[in-house]
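Below: one structure, written as structure tokens.
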Number of protein chains: 2
Amino acid sequence: MNLKELAERLGLSQTTVSRALNGYPEVGEETRRRVIEQAHKLGYRPNAHARRLATGRSHAIGYVFPSDRSIIIDPIFSDFIAGASDYQAMQGYETLLHAGGQENEMDVYRRYAEMGLVDGIIVQAPHVDDERLGLLDRLGLPYVVHGRVNDSEEGYAWMDIDNRGAFHKAARLLIDLGHTRIGLLNGLENLTYAWHRRQGYEQALLDRGLGVDPAIMFAGLMTEENGYRQALRMLRLRPRPTALLMSSMMMVSGALRAVHELNLTVGKDVSLIGHDDGLPFLNAEGLVPSLTTTTSSIRAAGARVAELLLARIENPEGELPHELWNVDLILRGSTGPAQRS
Amino acid sequence: MNLKELAERLGLSQTTVSRALNGYPEVGEETRRRVIEQAHKLGYRPNAHARRLATGRSHAIGYVFPSDRSIIIDPIFSDFIAGASDYQAMQGYETLLHAGGQENEMDVYRRYAEMGLVDGIIVQAPHVDDERLGLLDRLGLPYVVHGRVNDSEEGYAWMDIDNRGAFHKAARLLIDLGHTRIGLLNGLENLTYAWHRRQGYEQALLDRGLGVDPAIMFAGLMTEENGYRQALRMLRLRPRPTALLMSSMMMVSGALRAVHELNLTVGKDVSLIGHDDGLPFLNAEGLVPSLTTTTSSIRAAGARVAELLLARIENPEGELPHELWNVDLILRGSTGPAQRS
DNA sequence: TTATGATTTGAAAGCGCTTTGGGAAGGAGC
DNA sequence: GCTCCTTCCCAAAGCGCTTTCAAATCATAA
């Protein structure tokens, strides 16, 4: 069932039927009613490609993961995309995913733009000096960055959570509790969010005249195993760090093993704070003791970034959005005053 | 730069240029060379939608997640899709993702088919009696199921791992080690894979004349917290189960907490076996002691399912593939002989 | 030389939609 | 009566490709 057939069956022209279905005003109310009713009854669906060809709009958003596999493995991305894709679906936009293949990330963007496959891009996991933005600008492809690039905040659209503030707050809490040796288990620091977290952490230490010790700082893949290994390593140092600040719940999970293995007590011998992206399969509250966290729903972020991007697509001349979300520090049972050693 | 311009610049017709680029034989060698060279030089890319409209093929594969959010949260899906999408990208197929929105899963399939958005579908997480297959058949949309539906294995294309065999093997190993009370922490049993695992587990018990005790069986979301809670509950029963068989690494992670909390020793007081999908952020070998697992790469499965689907699309008349992968039982440190209690 | 066939190329139709530029019908205003 | 708006509808062009069908070119054989 295509437009032509539908029009014939209604005794109308394609023009009128198309207009009626797409809500154009210059069509009689009675006619519109008839058209919509019949379209529904006959199960008419406009062909997506024909429409896209005619309008020049693809009604699709692209997500590109580096062929390098270290990114998509991060489970937070699936939750981010779930949030974004959910919102897009409600707005009639499809979600295009590109993972791997032999093509490199920049080439995929180029292809997307030149073939008209997507109307916009969500840039994931920006690194400290990200060359993707320049390319997208040149291609004229609208985009919104989830996170920020380096410290520049102008000239591109972004939405980010206040990672610096979050880790600053968290570190300060620990310091206020009397901790002076606080370990940091961070993500790869060429990614901006990790870099910001480290800045927040270091600033809090410096604010209170505490030194920064590279021996109790780690930056790497946020796996359970790295959480375990690094926590174990740090907690074996003397003087032992009395608190650990961690960038992901997976690392927390690993760190807990280390803590148990050393027969230490969480919240007493060692205080733990982790960043919680709100992943449903790894719950900070369900731990024993429940975990003090910096919390921000990655899924909500996904939905919001999608919203900003669609707004940019509908209105390219609008102002570039810059949105920084506050991150809550939720006090639970895994933090306590420092013990004297 | 579109085909028309390129043709003009070359002094050829669109027909010839199109043919040259698409590898049709009826074009002079010298001409083809010139065309390809110029196309490359001028950065020509055929418009995706025009091509799709003309050919009636979308060169895209769809993945639909139920609006019910309990599925996509499972981190194994992102790894599965990464594998599939990777393969597709190499073959020139896009990946379309649908998560959430107000539309229900069946309606999305209908829309995909009627609007021509995808050439095929990968059906995820089939339940025991899945109504999706019937719909897809009616829509004439090629698909491959990752997993099986109920116990019927004919009439549809599928690829699955031998979940029943895997858990049978695992349970039998434990029994051979002298365990007689073995707990099962499973996924939701309306999903076929979980149902199969339970069958394998029960069969192994029955084979050796052991009874099945519902008190030490759990089926639910495979979260860390459920792993912890259920392991804790079971290990507090008397007589205490001396082994736990688990459907996911997240559950293992939670169970480990419970074991530590009860001051039990893994591999001695309690043996653990988990199913490992090969997720890169949660490594069975990195645990202490390292974990005995049933192992099968979900990423490899994704790539294979995509391969089967593309083959079906290229050749719809071909035989329906039925592919069952053996699952290895990898013996590591978390299993040992049962202690007498 | 001419007929024959093989090899290359092109004109034009078509994929299914949107949108431009009118045009017919009907009512209001003079 | 006539003109002038509205209101509602339509024919046709166009989006950028692929593909059918026909024609041009060229070498070869009779």
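Residue numbers begin at 1 in each chain, while the letters A, B, ... track the order of the sequences.
- Classified by interplanar angle (parallel below 30°, tilted 30° to 60°, perpendicular above 60°), the ring pair His322(A)/Trp158(A) is parallel.
- Along DNA chain D, the nucleotide closest to Lys4(B) and the one closest to Pro25(A) are compared, and the more 5′ of them pairs with Pro25(A).
- Listed nucleotides: dG10(C), dT18(C), dC17(D). Nearest to the side chain of Ala50(B): dC17(D).
- Distance, Arg19(B) CZ to dT8(C) C1': 9 Å, rounded to whole Å.
- Residues Leu12(B) and Arg19(B) fail the side-chain proximity criterion, which asks for heavy atoms closer than 4.5 Å.
- For Thr16(A), the side-chain atoms get nearest to dC9(D) when compared with the rest of dC9(D), dT18(C), dT9(C).
- Taking atom CG of residue Leu117(B) and atom P of nucleotide dC17(C), one finds them 13 Å apart after rounding to whole Å.
- Separating the CG atom of Leu12(B) from the P atom of dA24(D) is a distance of 17 Å, rounded to the nearest angstrom.
- Listed nucleotides: dG10(C), dG16(D), dG14(D). Nearest to the side chain of Ala54(A): dG14(D).
- In this structure the side chain of Leu97(B) reaches within 4.5 angstrom of the side chain of Phe65(B), judged on heavy atoms.
- Residue Arg51(A) has its side chain nearest to dT18(C) when only dT18(C), dC9(D), dG16(C) are considered.
- You'll find that the side chain of Thr31(B) is closest to dT9(C), out of dT9(C), dC10(D), dG14(C).
- Distances were taken from every side-chain heavy atom of Thr15(A) (C-beta onward) to each of dC17(C), dT19(C), dT18(D); the shortest belongs to dT19(C).
- Heavy atoms of Arg57(B) sit nowhere under 4.0 angstrom from any nucleic acid atom.
- Arg32(B) comes within contact range of no nucleotide atom at all, as no heavy-atom separation falls under 4.0 Å.
- In this structure, Gly11(B) reaches the sugar-phosphate backbone alone: every heavy-atom distance under 4.0 Å involves primed, P, OP1 or OP2 atoms, never a base.
- As a whole-Å value, the separation of Leu6(B) CG from dC17(D) C1' is 13 Å.
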Could you walk me through whether Glu103(A) and Arg110(A) pass salt bridge (charged side-chain N to carboxylate O under 4.0 Å, His left out), step by step?
CA-CA 11 Å; Glu103(A) 221 175 353; Arg110(A) 229 184 305 267; over 6 Å; no
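- Enclosure of atom CD in Glu319(B) is not indicated, since only 12 or fewer non-hydrogen atoms of other residues, nucleotides or ligands lie within 6.0 angstrom.
- Among the atoms of the strands shown, only primed sugar atoms or phosphate atoms (P, OP1, OP2) are found under 4.0 Å from some heavy atom of Thr55(B).
- Listed pair Asn2(B) / dC17(D) fails the phosphate criterion, with no side-chain N or O lying under 4.0 Å from OP1 or OP2.
- Side-chain nitrogen and oxygen atoms of Asn22(A) include at least one within less than 4.0 Å of the OP1 or OP2 phosphate oxygen of dT18(C).
- We find that CG of Leu21(B) is positioned 15 Å from C1' of dT9(C), with the value rounded to whole Å.
- Residue Tyr44(B) places none of its side-chain N or O atoms closer than 4.0 Å to OP1 or OP2 of dG16(D).
- A 4.5 Å side-chain heavy-atom check between Ile313(B) and Arg57(B) finds at least one atom pair inside the cut-off.
- A straight line from NE2 of His49(B) to P of dG16(C) spans 17 Å, rounded to a whole angstrom.
- Distances shown here put every side-chain N or O of Ser13(B) at or beyond 4.0 Å from the OP1 or OP2 atom of dA11(C).
- The distance between atom CD of Glu29(B) and atom P of dA6(C), rounded to the nearest whole Å, is 19 Å.
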Evaluate the criterion ring pair (Phe, Tyr, Trp, His ring centres under 6.0 Å) for residue pair Tyr63(A) and Phe77(A); output intermediate values, then yes/no.
CA-CA 10 Å; Tyr63(A) 297 80; Phe77(A) 282 102; 9.8 Å; no
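- Among the nucleotides dC8(D), dG16(C), dT9(C), the one closest to any side-chain atom of Glu26(A) is dC8(D).
- Remark: the Ser18(A) side chain and the dT19(C) base include no donor-acceptor N/O pair separated by less than 3.5 Å.
- Nearer the 5' end of DNA chain C, as judged by each residue's closest nucleotide, is the contact made by Val17(B), out of Leu3(A) and Val17(B).
- As a whole-Å value, the separation of Glu114(B) CD from dC17(C) C1' is 17 Å.
- For the pair Tyr24(B) and dT19(D), the criterion of a side-chain N or O lying under 4.0 Å from OP1 or OP2 is met.
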